[in-house]
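Notes for the one structure printed next.
Keep in mind it's a predicted model, so treat the numbers as computed, not measured. All ligand and atom numbering here is 1-based and tracks the order in the structure.
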Amino acid sequence: MANKDSTDPARMEKIVSLCKRRGFIFQAGELYGGLNGCWDYGPLGAELKRNLKEYWWRKTVQERDDVLGLDGAILTMEQVLVASGHVGGFSDPMVDCKTCKARFRADNLESSQCKEKPSVCPGQSPKCELTEPREFNLMLQTNFGATGDQIAYLRPETAQSIFVQYKNVLDSNRVKLPFGIAQCGKSFRNEINPRNFTFRSREFEQMEIEYFCHPDDGMRLTDEWLEERLKFYGEIGIPREKLHILDVPDGERAFYSKKTYDIEYEFPFGIQELEGVAYRTDYDLGVHEKGAGKSLVYFDEETKERFLPHVVEPSAGCDRTVLALICEAFDEETLTDEKGKEELRTVLRFVPRMAPVKAGIFPLLRKNEDQVRIARAIQKQLQPWMNVFYDDGGAVGRRYRRQDEVGTPFCITVDFETLGESGEALKDTVTVRHRDSMEQERLPVQALLPWLLERVR
Ligand code: GAP
């Protein structure tokens with residue numbers, strides 16, 4: 001098991017550089033110097049993120065009878081966030097340095113760098129002059145309405161619209177407890193020190209489930225959801241041995257939480273949180289019942305019991321999971337060819353269901369019209385089902401390498417055998433090359449779609 005402090009900055013540097021070079025992630029506003037803590041996902045990053053969100057939605061909402069989806073507004077009423085406690089208390093302690101004018105999280109000084117002397121932490125250089133810690137509210141406020149005199153906030157978590165709409169979802173869908181509401185979407189926090197690439201951003205996406213239940217079931221369901229979420233990470237290619245479960249001790253949990261597990265991953269910059277699974281009791285519905293002055297009590301038809309539901313919340317970060325997927329997939333291996341020449345192969349070993357491109361499609365020779373026609377026809381046949389990439393530039397070996405570097409699990413080559421030049425047996429078959437083993441097999445063109453669907457879903 002890795003040590004909490006063990007890091008690999010060189011590996012992280014290579015990952016960040018690959019992300020930019022191959023179009024996974026760019027800094028927002030880079031052309032103008034960049035907007036700190038905000039990121040744009042390029043073509044491959046956008047596909048990867050979509051694959052993650054869609055798989056999460058499928059597993060969480062579509063394949064379960066007890067979880068419904070929601071797509072709430074990002075702009076959030078002030079009253080909602082006053083009641084939830086965010087306006088009054090969603091803050092981090094910060095300190096300012098009067099010498100270099102930099103601002104730091106007071107609880108993170110030991111992992112921050114002094115702006116003037118980056119080899120030491122803030123406060124460690126004789127020139128540093130740090131203020132006493134002050135609370136800094138992390139919410140981003142905006143003005144709203146025709147005259148701009150109303151206050152609204154960009155939501156700091158997706159959870160609040162779920163609590164506020166809990167009763168509408170319940171009444172409009174005739175569901176019974178226990179049931180959950182899931183939402184995936186943007187959240188915003190004015191983090192004091194965005195850091196570690198996309199890990200701590202000011203704009204990010206969350207994938208949250210609020211699972212409403214009877215008070216007697218809260219503890220058991222928290223453990224069940226933890227297992228469910230660990231299974232999910234395994235299915236997207238993050239192995240169990242790289243995940244750490246932190247059972248957050250008394251005194252470190254939110255005051256209303258009876259149990260919280262943090263699911264952490266071994267990033268190259270240390271072991272850090274991917275997701276929290278928290279038993280939030282009836283805190284959330286309680287504060288909104290009080291804030292809105294409307295009952296949110298549940299009536300159990302069978303037992304005739306009335307009570308305020310409790311909530312178990314698995315809350316995952318989408319951007320953090322994308323980063324974990326890239327970190328986990330990144331690999332470099334040295335290959336030696338028949339002449340003894342060594343070459344470094346960079347591979348993203350995504351599980352096929354997460355890979356941004358599922359298959360590369362190549363005609364062996366771009367000048368061979370028949371090969372191009374068949375390769376284009378295969379591309380057209382696969383496109384409605386999955387993201388594929390047609391490439392006819394350069395030697396096939398180089399095309400393989402380009403696909404390896406972005407994690408494409410399969411490459412399909414249309415060659416002379418496909419055209420029947422090596423006999424009838426191989427006519428209408430193609431070479432399928434596997435990214436990880438680099439082994440090749442031949443498949444009939446007809447069989448490609450079902451063969452791929454079985455492997456990439
Ligand atoms: N509703 C509970 C909640 O929001 P949280 O621990 O503050 O809990 C949940 O956030 C998840 O959202 C985190 O585990 C993390 O994956 C993600 N997250 C939180 N702040 C983030 C940030 N600044 N940048 C990227 N992801 C963040």
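- Checking Ala324, Ser84, Ser201, Ala159 against atom 24 (N) of ligand 1, the nearest heavy atom belongs to Ser201.
- An N or O contact shorter than 3.5 Å links Gly317 to ligand 1 by distance.
- Taking only non-hydrogen atoms, the option from Leu274, Leu138, Val277, Leu323 nearest to atom 16 (O) of ligand 1 is Leu274.
- For Arg229 and Phe232, the positive end sits near the middle of the six-membered ring, less than 6.0 Å away and at most 45° from its axis.
- By the 4.0 Å N-to-carboxylate-O rule, Asp391 lies too far from Arg399 to be salt-bridged with it.
- Residue Pro156 has no nitrogen or oxygen atom sitting less than 3.5 Å from a nitrogen or oxygen atom of ligand 1, judged on distance alone.
- Between Trp225 and Tyr261, the distance from one ring center to the other does not fall under 6.0 angstrom.
- Residues Lys176 and Asp300 are not paired through a salt bridge, judged by the lack of any N-O separation under 4.0 Å between the basic side chain and the carboxylate.
- When only non-hydrogen protein atoms are considered, atom 12 (O) of ligand 1 lies nearest to Gln206 NE2, 3.2 Å.
- Test Asp284, Leu296, Val80 against Val164 for side-chain contact (heavy atoms from CB on, under 4.5 Å) and you get one pass: Val80.
- The distance criterion of under 3.5 Å between nitrogen or oxygen atoms is not met by Glu210 with respect to ligand 1.
- The closest protein non-hydrogen atom to atom 15 (C) of ligand 1 is Arg320 NH1, 3.4 Å.
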Given Tyr265 and Phe267, is the ring pair (Phe, Tyr, Trp, His ring centres under 6.0 Å) satisfied, shown in steps? CA-CA 6 Å; Tyr265 171 72; Phe267 286 99; 4.9 Å; yes
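- Using a 4.0 Å cut-off to heavy atoms of Glu208, the atoms of ligand 1 that qualify are 1 (N), 2 (C), 3 (C), 4 (O).
- Of all the listed residues (Phe90, Phe163, Phe199), Phe199 holds the heavy atom that lies closest to atom 25 (C) of ligand 1.
- Between Thr198 and ligand 1, no N or O atom pair is found at a separation short of 3.5 Å.
- Note on Asp250 versus Arg253: salt bridge recorded, some NZ/NE/NH1/NH2 to OD/OE distance being below 4.0 Å.
- Looking at atom 18 (N) of ligand 1, its nearest protein heavy atom turns out to be Phe204 CE1, 3.6 Å.
- The one candidate from Val311, Thr222, Asp66 that meets the side-chain contact (heavy atoms from CB on, under 4.5 Å) condition with Tyr211 is Asp66.
- In this model, no donor atom of one side chain and acceptor atom of the other lie less than 3.5 Å apart for Glu210 and Tyr166.
- With respect to atom 8 (O) of ligand 1, the closest heavy atom belonging to the protein is Ser315 OG, 3.9 Å.
- When the heavy atoms of Glu273, Glu313, Glu275, Arg189 are ranked by distance to atom 7 (O) of ligand 1, first place goes to Arg189.
- Of the N or O atoms in Arg200, none lie within a sub-3.5 Å distance of an N or O in ligand 1.
- Ligand 1 has no nitrogen or oxygen under 3.5 angstrom from a nitrogen or oxygen of Ala316.
- Remark: ligand 1 atoms within the under-4.0 Å shell around heavy atoms of Glu191 are 22 (C), 23 (N).
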